[in-house]
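Before any comments, here is the structure.
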Amino acid sequence: MLKKDISFRHMRLDKKNIIVTAAAQGIGRATALKFANEGAKVLATDINEDKLNDLKNENKSIQTMKLDSTNKKDVETFCSSVDKIDVLFHAVGFVHHGTILDCDEDEFARSINVNIFSAYLMTYNLLPKMLKEKKGNIVIVSSAASNVKGVPNRFIYGTTKAALNGFVKAIAIDHIKDGIRCNAILPGTVETPSWEGRVNMADDPVKARSDFIARQAMGRLAQPEEIASLATYLASDESDFVTGTLNLIDGGWTL
Ligand SMILES: NC(=O)c1ccc[n+]([C@@H]2O[C@H](COP(=O)([O-])OP(=O)(O)OC[C@H]3O[C@@H](n4cnc5c(N)ncnc54)[C@H](O)[C@@H]3O)[C@@H](O)[C@H]2O)c1
């Protein structure tokens, strides 16, 4: 039997304090909006202040703050100002294009920094606040391109996302008795501004776009709002029994 009646809850994230990173566009933005619509008190962060302002204009209840999730000092200052947190939704990530031979030391370090160190920094600084409450929930945006699927020209991206999958399981097992849950979302290809950018950078953007779509078993890409729906489930009490999981949402790409 469920501890509380969650079956017909209207506002699925009512009064939850949620920090969203990479909230200025794409998956993070759609998720911040969905969380707010489900009753959460959202604190949306990103390095892009202009686009954070656009988000705030779309939903005035969302608080925004400029934050580089890879900057140790800034993250420490930001987290020390956080009073209460129920959920961390961490979506910061960068897609490097190429094989190992296209990835020099600087590119390697950049992807480790943006994709892994940011998750470490945010979690390292916010987890103690959750432990104090004996309740907390961390959702990390990883990728199907990881230990789940080898994707051509995604050497360091797939490597870092595989590491994040290990990160999620490690946090989940270490703190399972402390009331902390930690799960990953593994999207396939999502139609976001950065995806548009990757398509437009190709020699033949029209072909690149149709190639991306052709590799999708469903014949279409995901929309950011579809990832936000899964995020809402994982952030809510509906998923109270779910921890350490890698949640594929890829339209059958990895079948
Ligand atoms: N789009 C896809 O097809 C896809 C697929 C699988 C996984 N993902 C993952 O989803 C996440 C979001 O991707 P997206 O495509 O929705 O977003 P995006 O790439 O369009 O936007 C990323 C956002 O992150 C912000 N950002 C970048 N570096 C930052 C930093 N250091 N600190 C704070 N903010 C920073 C940017 O300003 C931007 O607003 C990423 O982790 C990505 O790897 C995306």
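Start at 1 and go down the list; that is how both ligands and their atoms are numbered. When a residue number appears, it is its place in the shown sequence, counting from 1. Worth knowing before you read on, the calculation uses all heavy atoms, side chains too, and leaves out hydrogens, waters and symmetry mates.
Within the 4.5 Å cutoff, the side chain of Leu186 has no heavy atoms near those of the Asn247 side chain. Annotation: side chain of His97 is not in contact with side chain of Tyr157 (no heavy-atom distance under 4.5 Å). Leu88 has its side chain within reach of Met130: a pair of non-hydrogen atoms, C-beta onward, lies under 4.5 Å apart.
Checked by distance only, ligand 1 and Trp195 stay at 3.5 Å or farther apart across all their nitrogen or oxygen atoms.
Evaluated by nearest non-hydrogen atom to atom 44 (C) of ligand 1, the leading choice among Asn71, Ile27, Thr70 is Ile27. One option in Thr21, Asp50, Leu67, Leu55 has a heavy atom closer to atom 33 (C) of ligand 1 than any other, and that option is Leu67.
Scanning for ring pair (Phe, Tyr, Trp, His ring centres under 6.0 Å) contacts around Phe94 gives an empty result, with sequence neighbours left out.
Atoms of ligand 1 lying under 4.0 Å from any heavy atom of Ala24, numbered from 1 in the order shown and given with element: 39 (O). Taking every non-hydrogen atom of Tyr157 and a distance limit under 4.0 Å, the qualifying atoms of ligand 1 come out as 6 (C), 7 (C), 8 (N), 9 (C), 42 (C), 43 (O). Those atoms of ligand 1 with a heavy atom of Ser194 less than 4.0 angstrom away are 15 (O), 18 (P), 19 (O), 20 (O).
Sorted by first then second residue, the side-chain hydrogen bond (donor to acceptor under 3.5 Å, both in side chains) pairs that include residues 39-51, not counting sequence neighbours, are Gln25-Lys51.
At a heavy-atom cutoff of 4.0 Å, ligand 1 is contacted by no atom of Arg29, backbone or side chain. In Asp68, the parts holding a heavy atom less than 4.0 Å from any atom of ligand 1 are both the side chain and the backbone.
Residue contacts with ligand 1: Ser142 is included, with a non-hydrogen atom under 4.0 Å away. Ligand 1 has at least one atom lying under 4.0 Å from a heavy atom of Lys161.
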